[in-house]
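Nothing here was measured: the structure is a model prediction, and the numbers come from that model. When a residue number appears, it is its place in the shown sequence, counting from 1.
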Amino acid sequence: MEVEEDRFHPLSLIPLICRQYYQLRWMLGSSGAISIRSADGSTYTTPSGISKELLNDNDIIVTKWQWSNANKRPRLSQSETKKLKESACVPVFDAVYDRCPAATAVFHTHPLAAVLAIHDSDKEFRIVNQEMIKGVYSFLLHRNHRNDEELVLPIIDNKLLECDLVPSLYEIFDNPRYQGVSAMLVRNHGIFTWGPTWQKAKVTLECVTYLLDIYNGLRLRTK
């Protein structure tokens, strides 16, 4: 597939971000995933089983949404030649796009900060009066949070398979408390973030990860 001469085209952008996140140790091995929807209805998603630092534009799976009464899943349109394997995260991505139509990108990473911060937490991660809260997007407010607004993110328990996370994700979207939320933390697993643009999803992920680092550091100081 010919890639547009545009460094922000998903085929160029996704491998670049994956390499950066691999260097940060957020996407070690073949863990983590990214999905970006374009204006023409195409969805660009990382495949399963390929180390993220080795991805190139030919490894990205491109799909087109084809709605039917029986199935809302998209038909693969560009994985046959290389026999690419669909990411296990696709059911979660589909659920986000289904329940949050304004979302055009979903990011998933496995930062150590997330595992440490929420290992023994209950059902929510809460933090306030931190500057980096300003990087976290709210679909309810149609803007980023202010640093004096408490950030409340839902925590769900990990499951054997990513597809088994979907019912918990639907519960989050159905809960008025989490209206407009743009991130979900998975215990002993990692982070999912989404946004109205890939930039918002990316910045939300990076700011949430930083806030989890802050939380871990402050907790150590109090021991």
Side-chain angles (χ1 to χ4, degrees), residues 14 17-35 45-55 87-93 95-96 103 105-133 135-137 145 150-173 175 177-178 181-195 200-223:
I14 291 175
I17 294 174
C18 286
R19 286 192 292 273
Q20 293 172 344
Y21 286 177
Y22 172 82
Q23 292 170 353
L24 291 170
R25 302 181 66 83
W26 296 357
M27 284 185 164
L28 293 179
S30 61
S31 67
I34 295 175
S35 173
T45 309
T46 51
S48 176
I50 299 180
S51 295
K52 295 302 186 289
E53 78 277 17
L54 302 178
L55 284 177
S87 170
C89 295
V90 166
V92 179
F93 296 159
V96 172
V106 189
F107 283 51
H108 173 49
T109 58
H110 294 191
L112 181 60
V115 176
L116 295 176
I118 65 175
H119 174 72
D120 55 357
S121 298
D122 190 16
K123 293 293 185 182
E124 294 177 341
F125 172 76
R126 305 160 67 100
I127 195 165
V128 70
N129 293 327
Q130 292 293 334
E131 183 68 9
M132 294 294 269
I133 292 174
V136 180
Y137 186 76
H145 290 272
E150 184 179 40
L151 179 66
V152 180
L153 299 179
I155 300 171
I156 66 171
D157 290 325
N158 196 22
K159 304 294 183 183
L160 184 62
L161 302 172
E162 274 82 355
C163 60
D164 295 332
L165 300 174
V166 171
S168 297
L169 177 60
Y170 281 149
E171 288 179 11
I172 289 170
F173 280 117
N175 189 334
R177 179 168 177 76
Y178 303 126
V181 74
S182 61
M184 172 180 74
L185 307 178
V186 185
R187 197 185 319 278
N188 300 324
H189 188 150
I191 307 173
F192 287 87
T193 65
W194 48 94
K200 291 290 186 183
K202 178 178 182 289
V203 171
T204 291
L205 171 67
E206 293 164 5
C207 289
V208 167
T209 304
Y210 180 90
L211 291 166
L212 292 166
D213 270 325
I214 288 285
Y215 176 81
N216 289 329
L218 292 175
R219 190 162 59 169
L220 280 175
R221 288 185 61 184
T222 60
K223 288 185 177 179

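Under the 3.5 Å distance criterion, the side-chain polar atoms of N216 are matched with a main-chain donor or acceptor of A113. Side-chain atoms of K200 never come within 3.5 Å of backbone atoms of Y137 as a donor-acceptor pair (strictly under, hydrogens ignored). A distance-only check finds a donor-acceptor pair linking the side chain of S87 to the backbone of C89 [under 3.5 Å]. Remark: the backbone N or O of I118 is paired with a side-chain donor or acceptor of R187 at under 3.5 angstrom. No donor-acceptor pair under 3.5 Å is formed between the side chain of N175 and the backbone N or O of E171.
The side-chain contact (heavy atoms from CB on, under 4.5 Å) with F192 is formed by just one residue from the set L165, T109, L169, L205; it is L165. Each of V208, T193, I172 was compared with M184 under the side-chain contact (heavy atoms from CB on, under 4.5 Å) criterion, and only I172 meets it.
Counting heavy atoms from C-beta outward, E206 and L24 have side chains that stay 4.5 Å or more apart. With contacts defined as side-chain heavy-atom distances shorter than 4.5 Å, the pair W194/V181 qualifies. The side-chain heavy atoms of H110 and H189, taken from C-beta on, include a pair separated by under 4.5 Å. Taking 4.5 Å as the limit, every side-chain heavy atom of T46 sits out of range of all side-chain heavy atoms of M27.
Atom-to-atom distance recorded for Q130:CD and Y210:OH is 7.5 Å, nearest 0.5 angstrom. Taking CE of M132 as the start and CG of L212 as the end, the distance is 11.5 Å to the nearest 0.5 Å. Expressed to the nearest 0.5 Å, how far OH of Y215 lies from CD1 of I127 amounts to 9.0 Å.
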Step-by-step side chain to side chain contact (heavy atoms under 4.5 Å, CB included) determination, S168 to D157:
CA-CA 8 Å; S168 297; D157 290 325; over 6 Å; no

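For the residue pair A183 and P154, the shortest heavy atom distance occurs at O-CD, 3.5 Å. Taking all atoms of both residues into account, the shortest heavy-atom contact from G135 to V203 is O-CG1, 3.5 Å. Of all non-hydrogen atoms in E162 and A88, the two that sit nearest each other are CB-O, 3.3 Å. Closest of all the heavy-atom pairs between S30 and I50 is CB-O, 3.6 Å. Across every non-hydrogen atom of I191 and H108, the tightest pair is O-ND1, 2.8 Å. Heavy atoms only, all atoms of each residue included: V136 and S182 are closest at CG1-OG, 4.0 Å.
By the ring-ring contact (aromatic ring centres under 6.0 Å, His included) test, F107 pairs with no residue at all, sequence neighbours left out.
Under the 30°/60° scheme for interplanar angles, the aromatic rings of W26 and Y21 are found to be tilted.
Pairs passing the side chain to side chain donor-acceptor pair (under 3.5 Å) check and including a residue from residues 112-124, sequence neighbours excluded, read H119-N188, D120-R219, E124-R126, E124-R177, E124-Y178.
In F125, the CZ atom is crowded: over 12 heavy atoms of neighbouring residues, nucleotides or ligands sit closer than 6.0 Å.
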